[in-house]
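Step one of this worksheet: look at the structure below.
So that the names make sense, note that chain A is the first sequence line, chain B the second, and so on, each numbered from 1. Bear in mind that the values here come from a model prediction, so they are computed numbers and not experimental data.
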Protein chains: 2
Amino acid sequence: MVVTDVAGPAAGGELPTGKTRDALRAAHLYYLQDLTMDAIAKELHTSRSSVSRLLSHARATGLVEISIHSPLDLPSRLEQEILERHEVSAHVVPVPDHASDVDRLERVALSAARILTRFIDSNQTIGVAWGSTMSAMSRHLAPKATHNSEIVQLNGAGNLRTTGILYASELLRRFGDAFGARVQQFPVPAFFDDPATKEAFWRERSTRRLLDLQASMDVAIFGIGSPFAEVPSHVYQGGYLERADYQALSRDGVVGDVATVFYRADGSTDGIALNSRATGPDFTVLRRAPRRICVVSGQAKLPGLTGALEAGLITDLIVDEGTARRLVERSVDDLGSDRAD
Amino acid sequence: MVVTDVAGPAAGGELPTGKTRDALRAAHLYYLQDLTMDAIAKELHTSRSSVSRLLSHARATGLVEISIHSPLDLPSRLEQEILERHEVSAHVVPVPDHASDVDRLERVALSAARILTRFIDSNQTIGVAWGSTMSAMSRHLAPKATHNSEIVQLNGAGNLRTTGILYASELLRRFGDAFGARVQQFPVPAFFDDPATKEAFWRERSTRRLLDLQASMDVAIFGIGSPFAEVPSHVYQGGYLERADYQALSRDGVVGDVATVFYRADGSTDGIALNSRATGPDFTVLRRAPRRICVVSGQAKLPGLTGALEAGLITDLIVDEGTARRLVERSVDDLGSDRAD
DNA sequence: TCTCTCCCTGCACGTTTGTTCAATCGGCTT
DNA sequence: AAGCCGATTGAACAAACGTGCAGGGAGAGA
């Protein structure tokens, strides 16, 4: 790949004739002045096709940002109710009820990736978990230029079969690329075999450095793991957990996990043995991040989602319409017994 | 015109089936999920044409906002230089050099209207001048919902032939409509005949109320008047000034006006007689507004623009490319003698 | 109840836009 | 200097889109 942009062949040259410059100008003419691509082609002395490509480039690289604001007086009733009941700012993604789970995930991830843009800024530490939701999201991120931001892996991804590095690092790299941020990997297994090993490891200075970063996150982004759903999450298929682990989780009444840390329906984590071997951040650490974005798709994750809400892990929720609807209906049923169980 | 939206026929009904809701959903599916209009039509159980119209509606009413960010590392060199030389944040509007003045004005106004959106917010007092530039702009404003904002007319518009009310009020109304803001008119002539009348009027309580509003503006928006350009500004054609006035302006070395307050090339206003009869805000008042947006198109306004810059009237400049280029070239010539004259 | 009017709908057409393909350009190697 | 390779271009085609138009439905007024 040859550098043909940013400063052009000769930095400091007279005519900074970069592709990005043209794209910027085309975007201005197209989106701000409503010219047709044909007209723009003439102004730029090129063909209409090239203008079409320039505009694609402009959108793909985040030069153009398209955002949607619901008028403040009518946020979708679902979002309104979720806000009232859970004190969480919700973004409901419209998806037809009959969509397949795969479609649904894909579309929520696409929307989430676009929405995410507005939360990302310069000089931020951004914690990122992994899993099928995050992976889908990473493939659709709308780039946004930032300075001095940092992507931090929230939990290890190694398992019995692979180091998980390829998978997780690819995912993180996409986040890093999209926002021009440095990437801090966390090269540990998802679960240690022995809690003692984890503790030892946690005392290592290189590990501490990463944990410190996690503790000072500005934004955390994660999905919800649902170990007992009919379609188990990625984490539960890849050889991360053994049969005995499942039984233990079941006994403990676990309904889900965030970054491989497990919790019950009431949001509690105490006494869940597996957590002492998990590598994700303790919820007290996670909750330090002022913004905690959770992306959820599919009703199978509903129990996990409500648990995470109970645990106060979420400040911003991106969720598909069907699941949001169930969430609200369910909350209605619970009214009064809300804090009782 | 019948109200068919916002709350629907029966406020509090079960299915808030408003046009805006559909538009919002369509916009989400189109811009956030990249569905084709055809696909959206199916999801919404309507025809593709209707979706096209819904999306138009969404854009026209500001539900969808499209903005363009130049990557921070390469702002157009022009904008960069203007920032350095004048401490003004510039937005250069690309316009081909061979465009007619009418085209140029129209295109700058269109871009300016779109760019303006990001400066407007709730709970603001927004001062608006008038003139051909502002008028063109008013016809293209991208709506944005705000609460409790207020549009304040900066200067009177009456003249010897009309009260100017139709013209100016239409202009202000468009601003008010676009941002859902109250409109405060200023029903006085552009220039009083007698300074004493103005002073008397200025003591009226109803006038004071308006002047107080002006003094607490958050944003001011104005063009530049250029009395001696070959194509004089609106103000100078409509019977506002008499021959003797022109001669006086010429004698005083006036290069332009902002909201009918005149100034010289160095930005000074002292001793310009006409100002004592003018109804626009004194520059000391104007400069109190933290954001002062100036929209300029056409090189004829260059002297006026440099004067306004000298006077420190501008914090944000929206200007066509050709004029921006001249501005920078001119500043280069002046280097060293910058503060000397 | 009927009618008038206005707005909304879907169709059909013309325009605008995205994408494929072959040709060309420019840099780098041999 | 010739040749290779990947990136970029414009033409042609196909898909997606905007809009004028006629038909239909809901509400206001007679």
(message) When you measure from the side-chain N and O atoms of S50(B) to the phosphate of dC8(C), is any distance below 4.0 Å, counting only OP1 and OP2?
(response) no
(message) Rounded to whole Å, please give me the gap between CG in D38(A) and P in dC17(D).
(response) 18 Å
(request) Could you grab the distance from atom CG of L24(B) to atom CG of L63(B), nearest 0.5 Å is fine? (result) 5.5 Å
(message) Which nucleotide wins on minimum distance to the side chain of M37(A), given the candidates dG18(D), dT20(C), dG18(C)?
(response) dG18(C)
(message) For dA15(D) and T36(B) - does any side-chain N or O of the residue sit under 4.0 Å from the phosphate oxygens OP1/OP2?
(response) no
(request) Specify the separation, in whole Å, of atom NE2 of H45(B) and atom P of dT9(C). (result) 15 Å
(message) Between C1' on dC17(D) and CG on L29(B), what's the gap in Å once rounded to a whole number?
(response) 17 Å
(request) Could you check if a side-chain atom of Q33(A) sits within less than 4.5 angstrom of a side-chain atom of V93(B), using non-hydrogen atoms only? (result) yes
(request) For D34(A) and dG18(D), give me the distance from atom CG to atom C1', rounded to whole Å. (result) 13 Å
(request) With heavy atoms under 4.0 Å as the rule, sort S52(A) into base, sugar-phosphate or nothing. (result) base
(message) Measure CG/L54(B) against P/dC17(D) and give the value in whole Å, please.
(response) 14 Å
(message) Within the structure provided, determine whether V296(A) and V108(A) are in side-chain contact (heavy-atom separation under 4.5 Å).
(response) no
(message) Taking the side chain as everything from C-beta on, heavy atoms only, tell me whether L35(A) gets closer than 4.5 Å to R107(B).
(response) yes
(message) Is the phosphate of dG18(C) approached by R59(A) (side-chain N or O, under 4.0 Å from OP1 or OP2)?
(response) yes
(message) Check this for me, if you would: do D97(B) and R325(B) make a salt bridge, where the nitrogen-to-carboxylate-oxygen distance has to be below 4.0 angstrom?
(response) yes
(message) Just to be sure I understand the rule, does S49(B) reach a base, reach only the sugar-phosphate, or reach nothing, if contact means heavy atoms closer than 4.0 Å?
(response) base
(message) Just the rounded figure in Å: distance from C1' of dC17(D) to CG of L35(B).
(response) 15 Å
(request) State which of dG10(D), dC13(D), dG10(C) makes the closest approach to the side chain of R48(A). (result) dC13(D)
(request) With DNA chain C as reference, determine whether Y30(A) or R53(A) sits nearer its 5' end, using the nearest nucleotide of each. (result) Y30(A)
(message) Nearest whole Å is fine: how far is dT17(C) C1' from L55(A) CG?
(response) 10 Å
(request) Calculate the interatomic distance between H57(B) atom NE2 and dG18(D) atom P; express it in whole Å. (result) 15 Å
(message) Regarding S56(B), tell me which of base, sugar-phosphate or nothing describes its non-hydrogen contacts under 4.0 Å with the strands shown.
(response) nothing
